Amino acid sequence: MKIAIIGGGIGGMSLALSLVAAGLDDVDVYESAPDIRELGVGINVLPHAIRELTELGLLDELSAVGIPTADFSYFSRLGQWIWGEPLGLAAGYRWPQFSIHRGELLAVLYRAVTDRLGAHRIHTGHHLVRAGQDPRSGAWGDCVNRATGAPVDRVEADLLVGCDGIHSIVRRTLFPQEGPPKWNGVTMWRGVTMGKPFLSGRTMINAGSTRQRVVVYPISKVEEEQGKALINWVATLHIAASADMPAQDWTNFARKDEVLAAFAPFVFDFLNVPELIRGAEVIYRYPMVDLDPLPSWNFGRVTLLGDAAHPMHPVGGNGASQAIIDARVFARELALQPSIEAAVAAYDDQRRAATAALVQSNRRAGPHLCQDLVEERAPNGFTDLSGVVTPRELEEIAGDYKRIAGSEIDGLNSRKSLSVRPVTL
Ligand SMILES: Cc1cc2nc3c(=O)[nH]c(=O)nc-3n(C[C@H](O)[C@H](O)[C@H](O)COP(=O)(O)OP(=O)(O)OC[C@H]3O[C@@H](n4cnc5c(N)ncnc54)[C@H](O)[C@@H]3O)c2cc1C
C-alpha cells in the first residue's frame with residue numbers, strides 16, 4: 001500500500017512512524033518548506049500522546065530534551081490561587097507529560113523517520129497545490145516549489161493524507177466553500193526567556209482569564225541540568241471585536257511594547273511577567289484561530305489528520321497530542337482493516353467526533369473555565385475561594401475536560417495498546 005503524507009509537521013511525522021511500526025513502510029512525506037526547520041516555541045505533549053510516542057520507542061529521546069512537567073496551578077488575574085493538580089507521572093499516569101520546544105519535538109520525530117524509513121522518503125520543497133482521487137489509480141497530488149511556483153512533482157499513491165496544518169490545501173480541496181480559519185478576538189504573544197527555576201522547577205502556571213491570561217512553563221531539560229530554566233510563555237489578550245486579526249504566521253515577530261503595558265500588573269511573588277517579556281530575545285504574535293468541526297473525513301482514498309482535520313484553540317494543550325493519537329489510530333486501522341476505504345471509515349468513526357468535542361470545549365475555555373467563573377463572580381479578588389467557586393465545580397471542570405480529551409488517568413492507564421505488534425511498555 002503506497003501512502004503519501006502531505007505535511008512534515010508533528011502530525012505527518014507521527015503518522016509516518018506509526019505506519020512503519022504497523023508494518024506499512026511504503027510511505028512518503030511531502031513537506032512544503034525547503035528543509036525541516038525547528039520553528040516555534042514551547043508546546044505540551046500530554047500523557048495520552050506520550051504513551052503513543054513511548055510505544056513508538058521515543059521516550060528516551062524525549063526525556064533527554066523535554067521537561068517532565070510535574071504540577072499545574074491556576075491563578076486569578078490578581079495572582080490568587082484557584083486550582084492546582086499534579087501532572088504526568090506525579091498524577092499517577094504511567095507516562096509523563098512533557099513541556100518541550102516544538103522544534104525539538106519535531107527533531108526527535110524527524111530523526112526517527114530518517115532512521116526507520118530513510119531520508120529519501122522525506123521530500124522537502126514539495127508544496128501541494130491540488131489533490132484528488134481517481135477510482136483506478138487511487139489518489140494524486142500536484143506539488144510546486146513554493147518560492148518559485150515551478151511544478152516539482154505529481155504524487156501518486158493508494159492513499160493521500162492531508163497533514164498540512166490549519167491552512168490545509170487538502171481540506172480546502174474537500175471543502176472548497178469552507179473559508180479561512182475563524183478568529184475569536186484573542187491575540188497571543190509567545191516567547192522563551194532564560195531564567196531561574198520557579199515553584200517546583202517543573203511547574204506550569206496559568207494566571208488570568210479569557211480576557212487576559214499568561215501561561216508559563218519551563219521547556220528545556222538541558223538548561224534544567226545547568227540549574228537554569230528556559231521559560232516558555234504565552235500572553236493573551238482579548239482584543240476588541242473591531243480590531244484587525246494579526247497575520248497567521250508562526251514567524252510573525254512582535255514588539256515587546258505591544259504587550260508590556262497590559263501585563264504590567266502581572267507581578268506576583270511567584271512570577272514576574274513583565275520581566276519575562278523583557279527578557280525574551282524575540283517574541284511572536286499569532287491570532288487564536290480554529291475551524292468548525294467537519295461533517296466527514298471519510299473520502300475514500302483521501303483524508304485529513306492533525307490540525308488539517310481539527311484545528312483547535314490552544315487551550316488545554318491538545319493540538320499536538322491529538323495529532324499524535326490520530327496517527328496511531330489511523331495506522332492501526334490501515335494495518336487491520338480489509339481495505340483502505342474501511343480503514344478511513346474506521347478512523348473517521350473513532351477520531352472525528354472525539355476531536356470535534358475538544359474543538360467545541362476549547363471554544364468555551366475548556367479547563368480554563370474555572371478562571372472565568374472567578375473573574376465573573378469576584379472581579380476584585382476574594383478572601384475565601386469556596387465562597388466564589390465550590391471545590392465540586394472546580395473538580396467537575398477539570399474532570400470533564402480530561403474525559404473529553406481522553407486523558408482520564410485510570411482509563412488511559414488501563415486501555416489496550418494501539419500497537420499492532422506487541423510492545424513492552
Ligand atoms: C512553523 C510552525 C510553528 C508552530 N509553533 C507552535 C508553537 O510554538 N506552539 C504550539 O503550541 N504550536 C505550534 N505550532 C502548531 C502545532 O505544531 C500544531 O498545532 C500541532 O502540532 C499539530 O500538528 P500538525 O502536524 O497537524 O500541523 P502543523 O504543525 O501545522 O504542520 C503542518 C505541516 O505541513 C506543512 N504544509 C503546510 N501546507 C503544506 C502544503 N500545501 N504542502 C506540503 N506541506 C504543507 C507545514 O509546513 C508543516 O510542516 C506550529 C506550527 C508550525 C507549522
Side-chain angles (χ1 to χ4, degrees), residues 4-18 28-46 49 53 98-107 109-110 113 122-131 141-146 149 152-153 155 160-173 181 188-192 215 217 219 232-234 236 248-252 282-286 288-291 304-327 330 351 355 358-359 362:
I5 296 174
I6 307 300
I10 291 162
M13 292 296 181
S14 299
L15 180 60
L17 291 172
S18 303
D28 289 273
V29 180
Y30 298 90
E31 165 57 44
S32 169
D35 45 39
I36 304 292
R37 278 172 297 160
E38 301 189 9
L39 295 176
V41 286
I43 58 175
N44 256 264
V45 190
L46 305 177
L53 297 180
F98 282 116
S99 296
I100 190 167
H101 193 287
R102 177 188 177 275
E104 290 197 325
L105 171 59
L106 188 59
L109 298 171
Y110 174 60
V113 175
I122 302 174
H123 310 271
T124 52
H126 280 63
H127 180 74
L128 184 100
V129 286
R130 269 180 302 279
D142 286 333
C143 294
V144 302
N145 175 314
R146 193 170 192 182
V152 176
D153 215 352
V155 172
L160 183 144
V161 190
C163 305
D164 46 345
I166 189 169
H167 302 293
S168 169
I169 300 288
V170 181
R171 181 173 176 132
R172 202 182 307 158
T173 304
M188 305 182 277
W189 286 264
R190 314 170 74 119
V192 289
V215 181
Y217 50 89
I219 55 169
N232 183 78
W233 54 266
V234 187
T236 68
Q248 291 172 63
D249 177 352
W250 285 104
T251 58
N252 191 10
V282 290
I283 70 174
Y284 302 99
R285 187 193 322 104
Y286 200 84
M288 193 178 282
V289 285
D290 71 0
L291 282 165
L304 302 166
L305 184 147
D307 276 9
H310 46 70
M312 58 183 72
H313 293 158
V315 168
N318 260 289
S321 293
Q322 295 297 324
I324 291 164
I325 297 167
D326 289 349
F330 193 23
R351 295 297 299 152
T355 50
L358 261 179
V359 171
N362 287 4

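For this chain, numbers begin at 1 and follow the sequence in order. Read the numbers this way: they start at 1 and go in the same order the structure lists the ligands and their atoms. Fair warning: this is a prediction, and the values are worked out from it, not measured in the lab.
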Engineer: Tell me the protein heavy atom at minimum distance from atom 39 (C) of ligand 1, and give that distance in Å.
Structural biologist: D164 CB, 3.6 Å

Engineer: Does I10, backbone or side chain, put an N or O under 3.5 Å from an N or O of ligand 1?
Structural biologist: yes

Engineer: Calculate, to the nearest 0.5 Å, the distance between atoms CD1 and CG belonging to I122 and D35 respectively.
Structural biologist: 12.0 Å

Engineer: Under 4.0 Å, heavy atoms only, figure out whether ligand 1 is touched by the backbone of R102, its side chain, both or neither.
Structural biologist: side chain

Engineer: List every atom of ligand 1 that sits less than 4.0 Å from any heavy atom of G306, numbering the atoms from 1 in the order shown and giving each element.
Structural biologist: 26 (O)

Engineer: Which of the numbered atoms in ligand 1 are below 4.0 angstrom from a heavy atom of A320?
Structural biologist: 20 (C), 21 (O)

Engineer: Decide whether an N or O pair under 3.5 Å exists between A323 and ligand 1.
Structural biologist: no

Engineer: To which protein heavy atom is atom 30 (O) of ligand 1 closest, and what is the distance rounded to 0.1 Å?
Structural biologist: G165 CA, 3.6 Å

Engineer: Do any nitrogen or oxygen atoms of A33 lie less than 3.5 angstrom from nitrogen or oxygen atoms of ligand 1?
Structural biologist: no

Engineer: Please report which non-hydrogen protein atom sits nearest to atom 9 (N) of ligand 1, along with the residue it belongs to and the distance in Å to one decimal place.
Structural biologist: R190 NH2, 2.8 Å

Engineer: Would S14 count as a contact of ligand 1 if the rule is a heavy atom under 4.0 Å away?
Structural biologist: no

Engineer: So, for G9 and L106, which heavy atoms are closest and what is the spacing to 0.1 Å?
Structural biologist: C-CD1, 3.7 Å

Engineer: Among all residues two or more places apart in sequence or in another chain, which pass the salt bridge (charged side-chain N to carboxylate O under 4.0 Å, His left out) test with R190?
Structural biologist: none

Engineer: With a sphere of 6.0 Å drawn around CZ of R146, does it hold more than 12 non-hydrogen atoms of other residues, nucleotides or ligands?
Structural biologist: no

Engineer: Does a side-chain heavy-atom distance below 4.5 Å link N362 with D290?
Structural biologist: no

Engineer: One residue to check: C163. Relative to ligand 1, which of side chain, backbone, both or neither has a non-hydrogen atom less than 4.0 Å away?
Structural biologist: backbone

Engineer: Quick test: of every protein heavy atom, which one is nearest to atom 23 (O) of ligand 1, and how far off is it to 0.1 Å?
Structural biologist: G11 N, 3.9 Å

Engineer: Within ligand 1, which atoms have a heavy atom of I6 less than 4.0 Å away?
Structural biologist: 42 (N), 43 (C)

Engineer: If you take the centroid of each ring, where Trp contributes its six-membered ring, are W250 and Y286 closer together than 6.0 Å?
Structural biologist: yes

Engineer: Against ligand 1, does R37 come closer than 4.0 Å with any heavy atom?
Structural biologist: no

